[in-house]
Structures are given as structure tokens and as C-alpha cells.
2 protein chains.
Amino acid sequence: MFQKLHSLVEQFVSLTDSEKKEFENAFIYREVPRNFTLVHESEIADELYFINSGLLRLYYNKDGEHITAYIFREHLFSTCFQSFLEGAPGNQNLESMEDCELLVLKKDKLEELYERIPKINILVRKIAEQRFINAQRILSSFILESPEQRYKKFAQHNSDLFLRIPHHIIASYLGITPVSLSRIRKRLIESGN
Amino acid sequence: MFQKLHSLVEQFVSLTDSEKKEFENAFIYREVPRNFTLVHESEIADELYFINSGLLRLYYNKDGEHITAYIFREHLFSTCFQSFLEGAPGNQNLESMEDCELLVLKKDKLEELYERIPKINILVRKIAEQRFINAQRILSSFILESPEQRYKKFAQHNSDLFLRIPHHIIASYLGITPVSLSRIRKRLIESGN
DNA sequence: TTTGGTCATTAACTTATGTAAAGGAATCAA
DNA sequence: TTGATTCCTTTACATAAGTTAATGACCAAA
């Protein structure tokens, strides 16, 4: 149950057995079905999700259209970070794209953990730094690369997702329309990938 | 000298007088002229800069073209974060756009501070969280808005920069060419802003 | 003053993407 | 089987942005 969570934590800080126990106890196990909304943009995100299995996506609502900001895979922490960190409603929604097994950490429990195990500050600092670097990577791909280049890279690193989720979600994640994604795919196939 | 730095820190953690002293002593004062390269992409960024005065810009090098990733204003911490945090060369360069007064914190001094004043972990965690949220905001503007919309917002919040730095730098920050920036400006002026 | 460089603007042309609409494949339930 | 729904693809058209190149303004160095 907590195995993958612990191996993530171990990359950053080492906890004693009793600290591990306390850390575990701060989480709640929760299963959610496919297409379940975990956070709506009108709400304050007060939970952090560690994904044991399944896929989540973060999306913006633009005139009724759901535009994917990020796709969270297994063994990652996920939430609407802006809302969670600022304690105010943001403009992001969080939804499951598959049946999911989650480990849920309430924000007040996290605050307790900061008090009781100060090392958790280091853990969260390092996770925040990692997320920041990740956000910069994605941003730089929007700045430096064409939609076609972004598609190619995405396809290289996430070929499994083409089978797991609808293509129009991938299209919006790449910053293009489904029509354009279809054209890019056709173009690449005709030129022999 | 340290006034603005302390008021930034105070937003996140409170330090005792002796801690403040120790914190100050970790920094080195440095002046750099306009167009000075602080970090080159081939190097590891091992310094963190608090900007007392002046402007810095972070840019990518794309086939010899300098594409602006971010413009750092006075009273912000700045560096090539990816390189600084990962301890490896990245793909970002950091350069001054005006004469600058900087407070420089070497990475090993920061590591020392983590040891000697554990609260600094909280400080850096919160700064990293803030930077992360900021990166997400910029990313969402690339995802959700057209170049013209991005220009409008930028002009609203940064009208002073049009006088302080060349327009082609602003253009690259907005993800467009100088030609396109010029067209957008003309379009907006002709339609009565 | 002259020269050279940087920079913003403008024009002409090309092209990739967006929009709107339609068709077809796959899935699922009645 | 039928009908509804979702989703991917394709077509036709419009358009904003890229590319290239030319011009003129400004400024600093010789």
C-alpha cells in the first residue's frame, strides 16, 4: 500500500521507522472511478493525492472546453497546486482518467507533519523544486518547439498514453486542436515517421 | 543593503537578530554592468542572486537566437534554477539588462544555512512553491491565450519595461517575433487600443 | 562628420493552425 | 438489430504568425 510512496520519499529524506508510521497514518486510502472530479475550479484544493494506480489530469476550463494542463501518472503527487498552496480557489480542475487508487493527504495533516517531523519541510521543498523544474521544462517546450516537435517528443516518451486516453486530451495537452493533431500524425506517417 | 532582502524573508519566516546576522553574512555584494553574463548554459549555476537593483533575464539559445524565458525585476531571487538545483549544466543563460546591484549566495553557503538555521528550509520551500506557481501562470498563459492577449496583459502590468529594454526581447518573452509584436501593436493602436 | 551597428517598422509571400462541418468507425444500451 | 454517443479523421476556408528583405531612426565610435 505505501511501498511506492516510501520509495519516492527515500529519494529525498530518510525517515525512522516510527516517523514512517506517523507519515503513513497521515494518509487516507481512497478509490475513485474513471472521470471522477477530485477538485473543481470553484473549490479550494485541500488535499494532496499520491497516485498508487491510475491517471489524473489537470485541466483549465476555457469557454466550456477542457484544456489539459498536465497528465499525472502513477507514483506522483498530484493536486491543483496553486489552489492547494495559496488556500484559495484557482482556475484548475483535477479529474481521474482511469479508475484510481489514491493516498490522500489533507492539508491540515500536512501542516501537522511539518510540526512533528521537520524533515518533511525538506521533503516538500525538494518535491516543490522538482515540480518547478518540471513546469519550466514544459514551458520551455512551448517556447522553443513547434507543435509537431512537441508531439514527437510526447509520442516518444508516452506511447502508452495513446492507448489509455482519448487523443483530443493529448491534443489539448500539446496546445493544439484534435484536427491539428490528426494532421500532424498523418504528415509524420506519410513521411515515414 | 539588506533591507529589501529582509522584507522578502519576513513574508515567509521570522528570524532572530543573530539569525539575521548569520543570514546576511552568507551573502556577497556584487555589482555587474549591463549585458553581463552571470551564468552561461555550459556552466553549472552555483550562485543565487537577490536583485537589489537592475534587471536580469533568463534566456534559451535556439540556433544562436536568444529567446527570453523570464525577466527578473528588483527584489526577486534569480538564477538558472534548473542548473542550480540539479547541480548540472542546463540550457538557460542569465544576463543583466541594466547595471545591477546583487546580493550573491553561493550554493555551498546555502547548504550551510540549511544546517545552521533549519527554518531556511521553510523559507526556500515557500520560495520554490511561489516560483512554481509563477511558472504555472506563465505556462497557462501560453496554453490559454493568444499572442495578442499575452501582449495586452504584459503591457498592462509591465508598461515600464517598454522603456527599459529592447522590444525584441519582450517579443521573444511573449513567444513571438519582433515583426509580429510590431504588427500586434499597430493593430491595437489602429483599433483604439 | 562619417561610419557602422542596433533596432523598430513595414511589405510581400508562405504556411501551419484554427474553425466549422461532415462522415465514418467503434462502443454501448435498449 | 437499431439508435445514440463518442471520437478520430478529413475537407474547405480564413487568418494570424513566420520568414525574408528593405527602410529609416537612433546612437556610439572613429
Side-chain angles (χ1 to χ4, degrees), chain A residues 33-36 55 57 59-60 62-68 71 95-99 141-155 158-159 161-191 193, chain B residues 33-36 55 57 59-60 62-68 71 95-99 141-155 158-159 161-191 193:
Chain A
R34 192 163 166 272
N35 293 331
F36 182 85
L55 282 177
R57 75 162 173 149
Y59 68 88
Y60 299 101
K62 187 188 182 187
D63 313 321
E65 205 185 340
H66 293 183
I67 300 188
T68 304
I71 297 167
E95 195 181 273
S96 61
M97 293 195 292
E98 295 178 345
D99 297 346
S141 79
F142 270 86
I143 293 174
L144 299 173
E145 294 164 15
S146 66
E148 183 167 323
Q149 288 172 312
R150 280 202 299 285
Y151 168 81
K152 276 189 202 165
K153 267 199 191 165
F154 180 87
N158 304 281
S159 53
L161 292 186
F162 284 94
L163 301 174
R164 291 171 74 178
I165 59 180
H167 289 189
H168 68 268
I169 289 181
I170 294 174
S172 79
Y173 178 63
L174 295 172
I176 55 178
T177 58
V179 177
S180 193
L181 175 61
S182 191
R183 278 193 287 235
I184 288 172
R185 287 164 65 84
K186 190 181 179 187
R187 211 186 298 152
L188 291 178
I189 290 169
E190 281 176 357
S191 72
N193 276 20
Chain B
R34 191 163 167 273
N35 293 331
F36 183 85
L55 282 178
R57 75 163 173 149
Y59 67 89
Y60 300 101
K62 188 190 181 185
D63 312 321
E65 203 185 341
H66 294 182
I67 300 188
T68 304
I71 297 168
E95 195 181 272
S96 61
M97 293 194 292
E98 296 178 344
D99 297 346
S141 79
F142 271 86
I143 294 174
L144 299 174
E145 293 165 16
S146 66
E148 183 168 323
Q149 288 172 312
R150 279 204 298 286
Y151 168 80
K152 277 189 199 166
K153 268 199 191 166
F154 180 87
N158 304 282
S159 54
L161 292 185
F162 283 95
L163 301 174
R164 292 172 74 177
I165 58 179
H167 289 189
H168 68 268
I169 289 181
I170 294 174
S172 80
Y173 178 63
L174 295 172
I176 55 179
T177 59
V179 177
S180 192
L181 176 60
S182 191
R183 277 192 289 234
I184 288 172
R185 287 164 65 83
K186 190 182 179 187
R187 213 185 297 151
L188 292 178
I189 290 168
E190 281 176 358
S191 71
N193 276 22

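Numbers restart at 1 for each chain; the letters A, B, ... are given by sequence-line order, proteins then strands. Fair warning: this is a prediction, and the values are worked out from it, not measured in the lab.
Between C:dA16 and A:K186, no contact under 4.0 Å exists linking OP1 or OP2 to a side-chain N or O. Look at A:T177 and you'll find a side-chain N or O under 4.0 angstrom from OP1 or OP2 of C:dG18. Contact check, B:R187 against D:dA17: a side-chain N or O comes under 4.0 Å of OP1 or OP2.
The CG atom of B:L163 sits 14 Å away from the C1' atom of C:dA8 (whole-angstrom rounding). Between the CG atom of B:L174 and the P atom of D:dA16 there is a distance of 17 Å, rounded to whole Å. Counting to the nearest Å, the C1' atom of C:dT10 and the NE2 atom of B:H167 are 16 Å from each other. For the pair B:E65 CD and D:dT20 P, the interatomic distance rounds to 11 Å; values are reported in whole Å. Between B:I165 atom CD1 and C:dA8 atom P the separation is 10 Å, expressed in whole Å. Counting to the nearest Å, the P atom of D:dT5 and the CG atom of A:N35 are 17 Å from each other. Here the C1' atom of nucleotide C:dG18 and the CD atom of B:E148 are 15 Å apart, to the nearest Å. Here C:dC7 presents its P atom at 15 Å from CZ of B:R185, a figure rounded to the nearest Å.
Out of D:dT10, C:dC7, C:dT17, the shortest distance to the side chain of A:P147 is found at C:dT17. Side-chain proximity of A:V179 to C:dT17, C:dT19, D:dT19: nearest is C:dT19. Across D:dT11, C:dT17, D:dC7, the shortest atom-to-atom separation from the side chain of A:H168 is found for D:dC7.
Between the side chain of B:S146 and the backbone N or O of B:Q149, at least one donor-acceptor pair lies under 3.5 Å. Of the possible polar contacts, one joining the B:S172 side chain to the B:T68 backbone as a donor-acceptor pair under 3.5 Å is found.
In this structure, B:F142 and A:F142 have tilted ring planes: the angle between them lies in the 30° to 60° band.
Summarising the local packing, CD of B:E65 is surrounded by 12 or fewer heavy atoms from other residues, nucleotides or ligands at distances under 6.0 Å.
Between B:L181 and A:G175, the one whose closest nucleotide on DNA chain C sits nearer the 5' end is B:L181.
Tested against B:E98, the residues B:R34, B:R164, B:R57 include a single salt bridge (charged side-chain N to carboxylate O under 4.0 Å, His left out) partner, B:R164.
Residue contacts shown for A:S180 are limited to sugar-phosphate atoms, with no base heavy atom under 4.0 Å away.
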